[in-house]
Amino acid sequence: HGSANEGSIEAWTPAGAPERVPERYLPDPSGDPWYDRDLEFDEDAEPGTILDVRPVELPSMGLHRIASSWQVLIRSNDTNGDAQVAVATIVLPKAEWKGEGPRPLVASNYATDSLGLACQPSRTLPKGIAPTAPNAQLDPRFLDQGYALVIPDHQGPKAAYAAGRQAGHVVLDSIRAARSFVPPNGDEAPLKDSKVAQLGFSGGAIAAGWAAQIQPTYAPELEDVFVGTSIGGVPADFGALMTTMNGYLGPAGIFRAAVLGASVMTAATLAACRSSTTSIRRWSPISPASATPTTSSRTARSSSSTNSPAA
């Protein structure tokens with residue numbers, strides 16, 4: 001990537017040190033100032049704390065099914081346990097819940113296999129772009145039966161595809177946010193007592209799988225809240241994928257995207273962000289001197305992702 005001569009060997013040599021800047025490998029801004037602003041927030045606030053709310057319409061789900069829908073900015077953690085801002089979409093149905101107990105909540109983790117912020121659910125759903133993953137196609141049925149939904153942008157503010165630990169953090173913090181969410185002009189949180197099931201497919205399976213695994217340590221208060229996790233299209237055997245995806249235009253690109261997405265969370269990349277003069281506070285880089293991996297949201301800033309979350 002160090003030359004403009006496409007097809008030449010030189011074109012595939014590593015970029016020189018002066019060219020290794022965050023803008024080269026982090027996603028472009030979304031173009032929406034609600035996301036892109038340099039948001040000031042209390043980094044010591046509990047993960048899952050809601051920082052901002054706005055209403056949103058979701059035409060691809062059928063407006064006749066939805067009582068209200070909202071996007072929330074959430075204080076979450078990246079792979080390294082460092083504070084970051086995440087986004088989730090909360091959908092409250094018109095249909096009455098006729099089952100036992102409070103209205104249940106489904107965390108629907110979409111098959112977002114992208115390195116761009118424009119592909120995140122909070123960006124595509126308001127534009128009427130209907131997701132095609134099997135679990136996402138169930139969302140209208142859930143709404144018809146009275147289930148509420150929370151749809152995390154599980155790749156986080158860096159569109160870190162396949163960075164499983166940070167995706168798990170975002171999913172769990174989105175669930176925390178949904179259960180504590182009080183609609184503007186409302187009196188109480190309608191989902192505060194909701195049990196939670198989660199679904200995920202492909203990239204969403206990475207997020208849901210990690211959320212299920214780290215929940216006991218990252219979000220222990222949800223122990224009696226979770227009732228189950230269902231995942232499909234799981235990229236479980238990375239060694240096998242190296243063979244089965246190699247040489248095929250589409251699959252090889254996805255595998256490369258996963259490598260790049262996970263590498264965004266490495267200490268070296270975040271250290272480069274830290275040294276940049278660009279205003280990237282919301283990406284919240286850590287010190288390269290940090291070296292202890294963590295799964296707990298309450299661990300101090302002393303972590304690194306040398307244990308790649310995609311491995």
Inset, instruction - Kindly compute the distance separating CG (D144) from CE (M61), expressed to the nearest 0.5 Å. - result: 11.5 Å
Legend entry - Sidechain-backbone polar pair: Q166 side chain, Q155 backbone, donor-acceptor under 3.5 Å: yes
Legend entry - N/O donor-acceptor pair under 3.5 Å between D78 side chain and G81 backbone: yes
Legend entry - Side-chain heavy atoms of E57 within contact of S69, under 4.5 Å: no
Legend entry - Within-4.5 Å side-chain heavy-atom neighbours: E223 and P216: yes
Inset, instruction - Sort out for me which residue in D173, I175, L172, N109 forms a side chain to side chain contact (heavy atoms under 4.5 Å, CB included) with P152. - result: N109
Inset, instruction - Provide the closest heavy-atom pair for S174 versus A88 in the form atom of the first, atom of the second, distance. - result: OG-CB, 3.5 Å
Inset, instruction - Would you indicate whether the side-chain heavy atoms of I74 and V87 approach each other to under 4.5 Å? - result: no
Inset, instruction - Consider only side-chain heavy atoms of I, L, V, M, F, W and Y, link residues closer than 4.5 Å, and tell whether L63 and V56 are in one cluster. - result: no
Inset, instruction - List the steps, then state whether side-chain hydrogen bond (donor to acceptor under 3.5 Å, both in side chains) holds for Y35 with S122. - result: CA-CA 10 Å; Y35 298 93; S122 67; 2.8 Å; yes
Inset, instruction - Could you tell me whether the side chain of S108 reaches within less than 4.5 Å of the side chain of V150, counting heavy atoms only? - result: no
Legend entry - Inter-residue atom distance Q215.CD - Q198.CD, 0.5 Å rounding: 9.5 Å
Inset, instruction - Identify whether NZ of Lys or CZ of Arg in R103 sits under 6.0 Å from the centre of the six-membered ring of F142 and within 45° of that ring's axis. - result: no
Legend entry - Any side-chain heavy-atom pair of K195 and L105 under 4.5 Å: no
Inset, instruction - For residues S76 and Y218, report the shortest heavy-atom separation together with the two atoms involved. - result: OG-OH, 4.2 Å
Inset, instruction - Verify, without hydrogens or angle tests, whether S230 (side chain) and L199 (backbone) share a donor-acceptor contact under 3.5 angstrom. - result: no
Legend entry - Connected via hydrophobic side-chain network under 4.5 Å: L191 and V170: no
Inset, instruction - Locate the shortest heavy-atom distance separating A111 from S202; write the atom from each residue and the value. - result: CB-CB, 3.8 Å
Legend entry - Straight-line distance of T229 OG1 to Q213 CD, nearest 0.5 Å: 10.0 Å
Inset, instruction - Could you tell me whether the side chain of V91 reaches within less than 4.5 Å of the side chain of L58, counting heavy atoms only? - result: yes
Legend entry - Other residues, nucleotides, ligands: >12 heavy atoms within 6.0 Å of D187 CG: no
Inset, instruction - For W97, check ring-ring contact (aromatic ring centres under 6.0 Å, His included) against everything at least two apart and list the hits. - result: Y147
Inset, instruction - Sequence neighbours left out, what passes ring-ring contact (aromatic ring centres under 6.0 Å, His included) with F181? Give chain and number order. - result: W70
Legend entry - Contact check, side chains of I151 and D139, non-hydrogen atoms, under 4.5 Å: yes
Legend entry - Flag side-chain contact, heavy atom, 4.5 Å: I90 against Q71: no
Legend entry - Approximate separation, where rounding is to 0.5 Å, of H154 NE2 and H169 NE2: 15.0 Å
Inset, instruction - Any chance you could lay out the salt bridge (charged side-chain N to carboxylate O under 4.0 Å, His left out) test for D32 and R54, step after step, and finish with the verdict? - result: CA-CA 13 Å; D32 184 335; R54 70 175 179 182; 2.8 Å; yes
Inset, instruction - Return yes if some donor-acceptor pair links the side-chain N/O of R176 with the main-chain N/O of G48 below 3.5 Å, else return no. - result: no
Inset, instruction - Please test I50 against L73 for side chain to side chain contact (heavy atoms under 4.5 Å, CB included), starting from the C-alpha separation and ending with a verdict. - result: CA-CA 6 Å; I50 296 175; L73 292 179; over 6 Å; no
Legend entry - Spacing of Q84 atom CD and N77 atom CG [to the nearest 0.5 Å]: 7.0 Å
Legend entry - Reported CG-to-OH distance for the pair L125 and Y110, which is rounded to 0.5 angstrom: 4.5 Å
Inset, instruction - Could you list the residues that satisfy side chain to side chain contact (heavy atoms under 4.5 Å, CB included) with A205, not counting sequence neighbours? - result: I231, V234
Legend entry - Main-chain N/O of A45 paired to T49 side chain as donor or acceptor, under 3.5 Å: no
